[in-house]
Each structure stands twice: as C-alpha cells, then as structure tokens.
Enquirer: 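The structure is given below, and queries will be raised subsequently.
The figures that follow rest on heavy atoms only: side chains count, while hydrogens, waters and symmetry mates do not. Just so it is clear: chains get the letters A, B, ... in the order the sequence lines come, proteins before strands, and each one is counted from 1.
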There are 2 protein chains.
Amino acid sequence: MRSDPRELAEGFSLVLRDLVLLLRQVTAEQPVSAQQLGILGSLEAGPRRVTELAREHGVRAPTMTAHVSRLEEAEAVSRGVDTDDARVVTVGLTSRGRDLLAAGRAARTAFLAERLEALGESERAALAAALPVLSRICAGG
Amino acid sequence: MRSDPRELAEGFSLVLRDLVLLLRQVTAEQPVSAQQLGILGSLEAGPRRVTELAREHGVRAPTMTAHVSRLEEAEAVSRGVDTDDARVVTVGLTSRGRDLLAAGRAARTAFLAERLEALGESERAALAAALPVLSRICAGG
DNA sequence: TTTGTTTAGTTAGCCTATCTAAGTTATAGT
DNA sequence: ACTATAACTTAGATAGGCTAACTAAACAAA
C-alpha cells in the first residue's frame, strides 16, 4: 500500500523540510520578504483592517502591527481610519507597494517556473494533480 | 495546457504559502522546533561536525553554532572534539536528545497522518506521486 | 623554520518574525 | 453611567537568519 497515511506522512514530512529550504532560496536576494509579499497580496483588492490581516496570515495582532509598521516605513502601505469605527486601522497599498508586489511576484514566479521547466511533462502533471490535494491538507483542521 | 510551467508556478506559489502556515501548526505546542528537530535527526546516525550540519541544513556556520548552543543548553546534544583535527567540534545526541527526537517525530507524523486520513484514497495517491517531484524541484538548482 | 593562507568554529551586532502581557482608546451592553 | 469587550499598539522576550571580524589550528611553501 503506497498511500498508507502514516507512511505517506513521513515522506511528506521530509519534503516539507526541503520546501522550507526552497522557500528561503526563493526569498533570498529579494527586497520584500515572503511574509511582506503575502500581506501586500492581501491588500491588492482594497484596504483591510489589521485584525483581518492577522487572522488571514495566522499571526497575532502585535505581529501584524509590526509588519504593517515596517511596510509603512518602506512606504509600501499606508494606514488609514475607518469612518464607522474609530478603533479600526485600515491598511492600504501605496503605488510603491503595488510595484513591490508586482516585482516580488514576478521574481518568485520566475524562480519557480525555471525549476518547473526542468521537469518532464508527466512530472508537471503529477504536481498539478497534487496542488489541490495540498490545499486541502493545509485547509483541513 | 494544464501543466504550463508559468501557470503551474503561480498555483504552486500559493500552495507554498499555505504550507508555511501548516508547518507553523505542526510545530506549535511542541517543545522542539522544526529546525531543531531536523538537526537532531541529522545526528541520529552518529556525531557530526558543525560545518557539515550547516551545509546540510542550508544555513551559515554562525547560525548552526547558535542552534547547537541552544540544543546544548537544552541538554539535547553535547559538543565534543575530533582527535584528528583540533579545530573541529563534533556534535552528538544525548539520551535526552534521542527522546526529544522520537517524541517530536511522533507528534509531527501523527499530525500529518491525521490530515492525510481525511483525504480520499485517490488524493493520497496523487500526493504520493507528487512527493518525488517536489523533491526534485527542491534539489534542482 | 618561519611565514602566509586556508579552514573550523565562535563572537558580536543587526534584522525579521514570532509570541505574551499589558496599556489605550473606542464601542457596546446593561 | 458602568462595565465589559474589541481593536490596536507598546514593551520585552525568543528563535532564526545574516555578515564581518576574530581565534586557533592545519597546511603549504620558501
């Protein structure tokens, strides 16, 4: 049985470690970290509140506050207020933020696409088939 | 074309972000971090030198020195000397380190196995088929 | 042998990224 | 009006990563 859950979990666990190393390579030499890029991505469709961003990225509020502060420092986002609730801080992309997002995404995609081009067609098909499964694994809980 | 490299890279990129969140969940509430667990795993077959560990885990020497120091502080590893080369520091598992390794692995595998059990047989098969591909992607470069 | 270079590891100092605890201000409920 | 809750920030801790610079040992060569 090749897909025994326990056995598969062990193999998956090893791959997970390698993926972390891969992610470090993807991120290295880029002006925007993976976390920051993710946050910028969340703002693409419009401003969001800090709490919302924190939940979406699986971190606590103070962590997101720090991220937003750094991004604000880099002039990639700007803080605003909510007219309905004065406690709320909204975070929106600046034009510089938009540029950084586009550049970061392009670099990341290019890096990965290069790796994927080195694979065979059937390997890419196997990966494509696994992506939704991986999503489900991550979501499930 | 479902497995166009560029398109696939974008999907993969999104999954990669989710996998980071998954990894945080796997690691949370455990006494030993993913990195530390990985290092302990490298020592299972016998003592290793710091430089060797650094290369294997894709970090610089000072980073590995810090890891080893923390693990030593936790009494999970112990530093030793190489009889042939007095510059070399060897790092070996203590019995406590062995226990932490076993416990950490069991917890991690249990967590993942639970997620995998929630999948269908064909999904597990798709994942199993993709693991070697993922390994190749990580290795290639 | 003395001198210079490379290698192994550490230290120092910086940055990101995460957490908890505690504080501030605003909203909401009684 | 009082109290509780909620949104965010601040303060302080820790892990994890980096570069630069240091020490000590090994090697190489004159």
Side-chain angles (χ1 to χ4, degrees), chain A residues 17 20-40 42 47-74 76-92 100 104, chain B residues 17 20-40 42 47-74 76-92 100 104:
Chain A
R17 245 189 66 193
V20 170
L21 295 183
L22 181 73
L23 204 58
R24 264 227 298 285
Q25 288 182 35
V26 176
T27 300
E29 309 258 338
Q30 278 188 231
V32 163
S33 75
Q35 284 84 351
Q36 288 181 330
L37 200 59
I39 293 164
L40 294 180
S42 295
R48 310 283 297 281
R49 43 173 70 189
V50 171
T51 306
E52 216 177 352
L53 289 172
R55 189 162 25 79
E56 185 173 325
H57 290 86
V59 299
R60 302 291 180 176
T63 300
M64 190 50 68
T65 289
H67 278 305
V68 169
S69 296
R70 273 194 290 269
L71 286 168
E72 197 179 32
E73 180 72 22
V77 306
S78 61
R79 281 184 163 97
V81 296
D82 185 303
T83 51
D84 290 349
D85 187 337
R87 294 170 302 178
V88 169
V89 170
T90 62
V91 184
L100 286 170
Chain B
R17 244 189 68 192
V20 169
L21 295 182
L22 181 73
L23 203 60
R24 268 228 293 286
Q25 288 182 35
V26 176
T27 301
E29 310 258 337
Q30 277 187 230
V32 162
S33 75
Q35 284 87 349
Q36 289 181 327
L37 200 59
I39 293 164
L40 294 180
S42 294
R48 310 283 296 280
R49 43 173 71 188
V50 171
T51 305
E52 216 175 353
L53 289 172
R55 191 163 22 81
E56 186 172 327
H57 290 87
V59 299
R60 301 292 181 176
T63 299
M64 189 50 67
T65 290
H67 276 304
V68 170
S69 296
R70 274 194 289 269
L71 286 168
E72 196 179 32
E73 180 72 21
V77 306
S78 61
R79 281 185 163 94
V81 295
D82 185 304
T83 52
D84 289 349
D85 187 337
R87 293 169 303 177
V88 169
V89 169
T90 63
V91 183
L100 285 171

Enquirer: When you match A:Ala86 and A:Thr63 each to their closest nucleotide on DNA chain C, which lands nearer the 5' end?
Expert: A:Thr63
Enquirer: Check this for me: B:Arg60, atom CZ, are more than 12 non-hydrogen atoms of other residues, nucleotides or ligands nearer than 6.0 Å?
Expert: no
Enquirer: What is the distance from CG of B:Asp82 to C1' of D:dA24, rounded to the nearest Å?
Expert: 15 Å
Enquirer: Strictly distance-based, threshold 3.5 Å: is any side-chain N or O of B:Arg70 a donor or acceptor partner for the main-chain N or O of B:Gln36?
Expert: no
Enquirer: Would you say A:His67 reaches C:dT16's phosphate, i.e. side-chain N/O to OP1/OP2 under 4.0 Å?
Expert: no
Enquirer: Out of D:dT19, C:dC19, C:dA17, which has the shortest distance to the side chain of B:Pro62?
Expert: D:dT19
Enquirer: Between A:Arg60 and C:dT18, does any side-chain N or O lie under 4.0 Å from OP1 or OP2?
Expert: no
Enquirer: How far does OG1 of B:Thr27 sit from CD of B:Gln35, to the nearest 0.5 angstrom?
Expert: 7.5 Å
Enquirer: Is any side-chain N or O of B:Arg79 closer than 4.0 Å to OP1 or OP2 of C:dT10?
Expert: yes
Enquirer: Picking from D:dA20, D:dT9, C:dA17, which would you name as closest to the side chain of A:Val89?
Expert: D:dT9
Enquirer: What about B:Arg87: does its side chain form a donor-acceptor pair under 3.5 Å with the base of C:dT7?
Expert: yes
Enquirer: Could you check whether A:Ser33 gets within reach of a base, just the sugar-phosphate, or nothing at all, counting any heavy atom under 4.0 Å?
Expert: sugar-phosphate
Enquirer: Assign each of A:Val68 and A:Val20 to its nearest nucleotide of DNA chain D by heavy atoms, then name whichever residue's nucleotide is nearer the 5' end.
Expert: A:Val68
Enquirer: Over all strands shown, is B:Thr65 touching base, sugar-phosphate only, or nothing at heavy-atom distances under 4.0 angstrom?
Expert: base
Enquirer: Hey, does B:Ala61 reach any base, or is it just sugar-phosphate, or nothing, if we go heavy atoms under 4.0 Å?
Expert: base
Enquirer: Minimum heavy-atom separation for B:Leu71 and B:Ile39, please, with both atom names.
Expert: CD1-CG2, 3.8 Å
